[in-house]
Structure formats: C-alpha cells, structure tokens
Protein chains: 2
Amino acid sequence: MNRVISIESIKVACKNCSLGSLCLPMGLTPPDVEKLEKIIKRNRPLHRNDHLFRETDAFSSLYVVKTGTIKTYLPREDGGEQVLGFHLPGEVIGLDAIQDERHACSAKVLETSAVCELPFGQLEELAQVIPSLQHQLFRLLSKEIAEEGKMLTLLGKKNAEERLASFLMSLSCRFKRRGFSPTDFYLSMSRNEIGNYLGLAVETVSRLFTRFQEEAMVRVDRKHIELLDQDRLESVARGSLCSRGNESNSM
Amino acid sequence: MNRVISIESIKVACKNCSLGSLCLPMGLTPPDVEKLEKIIKRNRPLHRNDHLFRETDAFSSLYVVKTGTIKTYLPREDGGEQVLGFHLPGEVIGLDAIQDERHACSAKVLETSAVCELPFGQLEELAQVIPSLQHQLFRLLSKEIAEEGKMLTLLGKKNAEERLASFLMSLSCRFKRRGFSPTDFYLSMSRNEIGNYLGLAVETVSRLFTRFQEEAMVRVDRKHIELLDQDRLESVARGSLCSRGNESNSM
DNA sequence: GTCAGTTCTTGATGCAGATCAACATTCACT
DNA sequence: AGTGAATGTTGATCTGCATCAAGAACTGAC
C-alpha cells in the first residue's frame, strides 16, 4: 500500500467530516469510529446525471452523501419514473438493497456530489463486534421506515398546496440541521422532479410556487428559494390553515 | 421457573410454527432458532379493536403476527387517521420504533389475533452473537424500506382501479405464501380502512368492487372475495390494461 | 455569439374521484 | 327478536388538479 495517504485519509476521516454526528458514527466511541473509517472507501466526485447505481445492480455498499444531492427513483411500467427521494449530505442510500443483494432503486446525481462508500459486508462484520454500531444501523433503517408513514399521509390525504409546503419545510429542516440557512437555499431538482415526487403535475407545482410568492410566504427566483413566513408555511403543510373542517375517513 | 411448560413451549416453538420460514428464523440453524425461541414471549390472544401498542408508547418489543390481522396507523392532525398497513401472519410490526424507542404508529387488531413478542434489547444481544440473525434483521428492515417504494408509486401515480387491483393482488400473494387460497379469502378490514389505506373515498372503493364484479374479475360478497381472473386483475394493477398511453412526469 | 432542446410559466378545458345525500344492510347490544 | 348505530351501496353533483396548449426563459453545444 502507498504510504503517502495522509491527505487522502484526512479527507475521509469521520472525525474531520463536517457532517459530524449527523452521520453513522453518531454514538460511537473514537476508537470505534477509527475502525469504521478503515472500511470506508472514497470515490472521485460524482457529476450531474451520473448514476451512483441502478435498479437491479448488484448490491455491495451503502453510500452516505457527503456533499451534493442525490435522487433515488424507481422505473415505472409505462417508462416513466417515480422519484422516491432527494438525499442531502448525511443521508444514507442503498438501505433498500440489503434484502436481496440487488439495488431496489436507481440513484442519480442532481448536482456535483461526493459520497462515502461503506462496503456492507465489512460493515456487518464490524457491527458484529461493535454493539453500538449494530444498534446505530438498526436505528438508521428504522428511521427510514418511520419516515415512510409521513410520506404515505402526504400522498394519501394532503392536497397540492399542503404537499408543496410540506416539501419546502422538510428541506428547510434538513438544511438547518446541516448548518445551512433554513430560509434561503437552492433547489437542486427540477419542477418536474418535485411534481413527480409529490404526486403532482409540473404545472401545479409551478402555479403553487407563484401563488406562495403572491401570498408572501416565499420568494422564488428560479431555483433559489427564500422562506419568508415559515410559520404560515408550516400551517399550510399541516393542513391547519383555511377552512378544511373535514375528518374524512376518520372511522 | 416452572417445570411444567411443555405445552406452552410447544406453542411458541418456532420449529413447530406454521409460519415456518416466513418468519424471522429463516436462514438460522436449529440451535440458533432455539436460542431465539428462548427470548420470545407469548401473550394471550388479542381481540378485535384491542391495541397492541399506541403511537408514543415506549418501545420494548417487536411483534410477529402469528394469526389474524393487525392494522397500523398514524393519527392525523385533523383527528382522522392514516392507515399505514395491514399485517398478516409472518409479518413483523414495530420496526419503525427502534429509532427513538417510542412507537411511531399505533397497532390495532382487526380480528382475533395472536402475536409473538420479541423483546428488542434481547434480540439485539442475540444478533450480536449470531451473525445470521443480525443479517436476517437487516434484511427484514431493508425489505420494509423497499416495499415503501411500491406504495409511493401506487399513491403518487396510480388511479383508483389500479390501486384497488394492486391491493387485491398484494393480499392474494401474501395469502398464497402462507398456504391459504390466493383466490378466495375474507377481508378483515372495512371498506373505509381500505379506502383510507389506498388514498380513496369509501364510496370509490365500494363502486370499484361493484364494477370489478360486473366485469367478472372478482366475486364480492360482503367481506368474502373470490378472484375470478387474476391475470386481468394483475394487468389492471400494473396499469397496462386499457388506453393509458401516457408517460407523465417521465423526464 | 446563435440555435435547438430543455425547463418553466400561464391560461383554458376536462374529468376522475371527492363530496353530498339517501337508502340498504349488517352488527352490537339488550 | 328488536332497536339503534355502524357500515356499505348507489346516484347526483361538484371541484381540484390533470391535461392540453402555447409561449417565455434558460441551458448547453458549437
């Protein structure tokens, strides 16, 4: 092995990573983090439209987004696609592939991104000897499952404006936790991708951005978003604004 | 400990369980299954409308449905609820609670059911020393995540008849794997619950059942369902029947 | 710089499915 | 068995959002 790897290893070192506790190492002791670092592979940066993996590809590693944004999606029967999610720094992709050793979705890069690669076989071995890592992995997978519930409610019950407001608030929260501005950010995905993700037509998304802006809740300039009234946006997201005195399907 | 537990232990014994390989023990060696059995708790049977747990309850155990059906749901802001899923024998509930030690959803019994209780702390300890159990657990969680994608496509892109057809086919498959008839079964959930789960109004579900019956795809008598033409139902579910030459949001 | 191909916006129209309403059936309880 | 409540069905109407259409703004390749 090459001895001159100091620069490289600094770049990978979890303890120097800006993600800090957002990532897997959370809750691990420093020596355990070091063991974890040993199995992490670094890859060259990925560029817009690169595929990190495709559906049915053999599964070997999980990936943590270090910088950039990655979209996961499922091809549909009719040739279209269903966007499953947009993944920001600190978020892990590939969890759905553990079950049958094949990726269950495709992952495409939306803007220049860097990822940490975690060979899953080695990760499992490590989890076998580091209880807190095993626990951390269970938590990670569990969190993903819990999030799903929210999304089902969004797609099953919310109307268009509630969906878009929820989407913006979700991004805001996630940016905030990463130390970015929660009120001023750029969208790395197209209107089409937003609509696809939220189960809405592009035109509806576009109209809603315009309306939200007219109502002074946000300022929209192309992909640049400023949230002007988070409280109201949050209310809209929860569906607790305006009339809506319904309780449909309440049983 | 009581020595006279033979009857009890037979009832719990995974090797005698009709679920067989559908359940957690899948892929474990007999001695490992025995260790697993030691931590499984048996509970008295649950009755219709009992709650197995409620959202925000402290999390201590996963549950495997042994017989019956259990519905998981999330309360909504407006007082209604969002049905997250219907769980048949062999399916595990509570996975979404690992992350923060609280249940993320409520679980309600639809018809008299029995469950195996797996104290998660002990399960983790066991997974720490049985690599194949750890792997099995990762797979289990992963599967749940992968399934989600399908559901997002259903709610985001499919129309009413595609949704109901998908629902029936999903039940059919799951019954089949459990050794029940895939073409003749009883629904343990109400029309309202089906509609809620599929993001449809009750009336729509009711009309579709009528229509499917008129089209001779199914025979419906109250909660009793017979699938008369699985192929066509499958086609409807995939949206590959009739016109629909669309490719909306295909990018 | 120009031009072709995306992506986005805005307006006009149509329709799937929600909602409203009324009745039928089944269930739960005494 | 009888009564009230819950659940299911069917029809009529309404509406939110998809779809269609057309132009504007941006992007990237040369």
Side-chain angles (χ1 to χ4, degrees), chain A residues 47-49 71 78 80 83 110-112 154-165 186-214 218 220-225 236 239 242-251, chain B residues 47-49 71 78 80 83 110-112 154-165 186-214 218 220-225 236 239 242-251:
Chain A
H47 301 291
R48 179 168 167 74
N49 290 329
K71 153 181 108 170
D78 64 6
V83 173
L110 293 184
E111 62 184 339
T112 307
L154 185 144
L155 289 175
K157 301 291 177 315
K158 299 200 171 195
N159 67 23
E161 65 174 18
E162 289 162 5
R163 293 181 197 195
L164 188 63
Y186 281 83
L187 299 174
S188 46
M189 67 295 291
S190 70
R191 301 285 193 268
N192 204 326
E193 286 165 324
I194 296 172
N196 185 305
Y197 176 60
L198 297 176
L200 299 172
V202 205
E203 295 93 325
T204 303
V205 174
S206 186
R207 273 184 256 269
L208 283 172
F209 271 130
T210 306
R211 181 138 63 87
F212 282 1
Q213 173 151 261
E214 282 166 4
V218 300
V220 185
D221 175 27
R222 183 89 183 124
K223 306 224 157 192
H224 179 208
I225 302 287
V236 174
C242 306
S243 39
R244 320 203 77 246
N246 75 66
E247 48 171 274
S248 73
N249 285 47
S250 55
M251 276 160 255
Chain B
H47 301 292
R48 180 167 167 75
N49 291 329
K71 154 181 109 171
D78 63 7
V83 174
L110 293 185
E111 59 182 344
T112 307
L154 183 143
L155 289 175
K157 301 291 175 318
K158 298 199 173 195
N159 66 25
E161 63 174 19
E162 288 162 6
R163 292 182 197 195
L164 188 62
Y186 281 83
L187 299 174
S188 46
M189 65 296 289
S190 70
R191 302 284 194 267
N192 203 328
E193 287 165 324
I194 296 173
N196 184 308
Y197 177 60
L198 297 175
L200 299 172
V202 205
E203 295 93 326
T204 304
V205 173
S206 186
R207 273 184 257 268
L208 282 172
F209 270 128
T210 306
R211 180 136 65 88
F212 283 2
Q213 174 151 259
E214 282 165 5
V218 301
V220 184
D221 174 29
R222 183 88 181 128
K223 307 223 158 195
H224 179 208
I225 302 286
V236 173
C242 306
S243 39
R244 320 205 76 243
N246 75 67
E247 48 170 276
S248 72
N249 286 45
S250 55
M251 275 160 255

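Residue numbers begin at 1 in each chain, while the letters A, B, ... track the order of the sequences.
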Quiz question: going by heavy-atom distance under 3.5 Å, is there a donor-acceptor pair between the base of C:dC8 and the side chain of A:E203? no
Measure from [atom1] on [X] to [atom2] on [N] and round the result to the nearest Å.
X	N	atom1	atom2	result
B:N192	C:dC27	CG	P	16 Å
A:N49	C:dT7	CG	C1'	14 Å
A:H224	D:dA25	NE2	P	20 Å
B:L154	C:dG17	CG	C1'	15 Å
B:R191	C:dA24	CZ	C1'	14 Å
A:D221	D:dC26	CG	P	8 Å
B:R211	D:dT9	CZ	P	15 Å
A:E193	C:dT6	CD	P	15 Å

Starting at the 5' end of DNA chain C, which residue's closest nucleotide do you reach first, A:R48 or B:R222? A:R48
Steps toward side chain to side chain contact (heavy atoms under 4.5 Å, CB included) verdict (B:L187, B:R222): CA-CA 9 Å; B:L187 299 174; B:R222 183 88 181 128; over 6 Å; no
Side chain of [X] - closest among [options]:
X	options	result
A:S206	C:dG17, C:dT9, D:dG8	C:dT9
B:A160	C:dT9, C:dG17, D:dG8	C:dG17
B:T204	D:dT7, C:dA18, D:dT9	C:dA18

With a 3.5 Å distance limit and no angle check, can you tell me whether B:K157 reaches the backbone of A:N196 through a side-chain donor-acceptor pair?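 Confirmed, B:K157 side chain pairs with A:N196 backbone.
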Separation between [atom1] of [X] and [atom2] of [Y], rounded to the nearest 0.5 Å:
X	Y	atom1	atom2	value
B:L155	B:Y197	CG	OH	8.0 Å
A:T112	A:R48	OG1	CZ	9.5 Å
A:S206	A:I194	OG	CD1	10.0 Å
A:Q213	A:I225	CD	CD1	8.5 Å

Using the C1' atoms of the five pairs at each end, what is the angle between the end axes of the helix from C:dG1-D:dC30 to C:dT30-D:dA1, to 10°? 60°
Does A:S190 make a side-chain N or O approach to OP1 or OP2 of C:dT6 shorter than 4.0 Å?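 Negative; the distance criterion is not met.
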Just call it for B:R207: base, sugar-phosphate, or nothing, with non-hydrogen atoms closer than 4.0 Å on any strand. base
Side chains of A:M189 and A:K71: closer than 4.5 Å at any heavy-atom pair? no
